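A short worksheet on the structure shown next.
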Amino acid sequence: MKLRIFVTLKPGVLDPQGRAIQHALGGLGFPGVNEVRAGKMIELNVDDSTDDATIDAMCRRLLANTVIENYRIEKA
């Protein structure tokens, strides 16, 4: 089974990478970008027998810092 884990910063957490992207876009002539939030996408290929609780545990223990990040799981 193929999984995609999308990890994003929680609202209110400063995002210096997003600010750098926003500034660079303006410098490249793309006006009107008011906010950028950067995140990451992780693809996993796991056994079909892997249950949702195990997938959630992987996210909470390693893939996302749940103090400052949210995550969303997509099964492909």
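Only heavy atoms go into these numbers, but all of them, side chains included; no hydrogens, no water, no symmetry mates. Since we're looking at a predicted model, the values are computed, not measured.
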(message) Return the CZ to CZ distance between Phe6 and Arg72, rounded to the nearest 0.5 Å.
(response) 5.0 Å

(request) Hey, could you give me the CG/CD distance between Leu3 and Glu74, rounded to the nearest 0.5 Å? (result) 10.0 Å

(request) Kindly indicate, with the supporting measurements, whether the criterion side chain to side chain contact (heavy atoms under 4.5 Å, CB included) is fulfilled by Lys75 and Ile55. (result) CA-CA 11 Å; Lys75 293 180 181 180; Ile55 296 166; 4.3 Å; yes

(request) Please check if atom CG in Leu28 has more than 12 non-hydrogen atoms from other residues, nucleotides or ligands closer than 6.0 Å. (result) yes

(message) If hydrophobic clusters are built by linking Ile, Leu, Val, Met, Phe, Trp and Tyr wherever their side-chain heavy atoms come under 4.5 Å apart, do Ile5 and Leu9 end up in the same one?
(response) no

(message) Looking at every non-hydrogen atom in both residues, tell me the closest pair between Asp47 and Met1 and how far apart they are.
(response) O-CE, 3.9 Å

(message) With side chain to side chain contact (heavy atoms under 4.5 Å, CB included) as the criterion, how do Lys10 and Ile68 come out once you've worked through the C-alpha distance, each side chain's angles and the decisive distance to 0.1 Å?
(response) CA-CA 6 Å; Lys10 290 183 177 182; Ile68 61 169; 5.7 Å; no

(request) Search all heavy atoms of Arg4 against all heavy atoms of Ala76 and return the closest pair with its distance. (result) NH1-CB, 4.2 Å

(message) Test side chain to side chain contact (heavy atoms under 4.5 Å, CB included) on Lys2 and Glu43; report intermediate values, then the result.
(response) CA-CA 7 Å; Lys2 191 171 191 173; Glu43 287 186 345; 3.6 Å; yes

(message) How close do Asn34 and Gln22 get, counting heavy atoms only, and between which atoms?
(response) O-NE2, 3.1 Å

(request) Given side chain to side chain contact (heavy atoms under 4.5 Å, CB included), test Ile42 with Tyr71 step by step and report yes or no. (result) CA-CA 10 Å; Ile42 302 163; Tyr71 64 90; over 6 Å; no

(request) Determine the minimum heavy-atom distance between Val36 and Asp15, stating which atoms define it. (result) O-OD2, 3.8 Å

(request) Kindly compute the distance separating CD (Glu69) from SG (Cys59), expressed to the nearest 0.5 Å. (result) 11.0 Å

(message) Quick check on the hydrophobic clustering: are Leu63 and Val46 connected, directly or via other members, by side-chain heavy-atom contacts under 4.5 Å?
(response) yes

(request) Inspect the surroundings of CZ in Arg37 and state if more than 12 heavy atoms from other residues, nucleotides or ligands are less than 6.0 Å away. (result) yes

(request) Report whether Leu62 and Ile73 are members of the same hydrophobic cluster (ILVMFWY, side-chain heavy atoms less than 4.5 Å apart, transitive linking). (result) yes

(request) Say whether Thr54 and Asp51, considering side chains only, have a donor N or O and an acceptor N or O under 3.5 Å apart. (result) yes

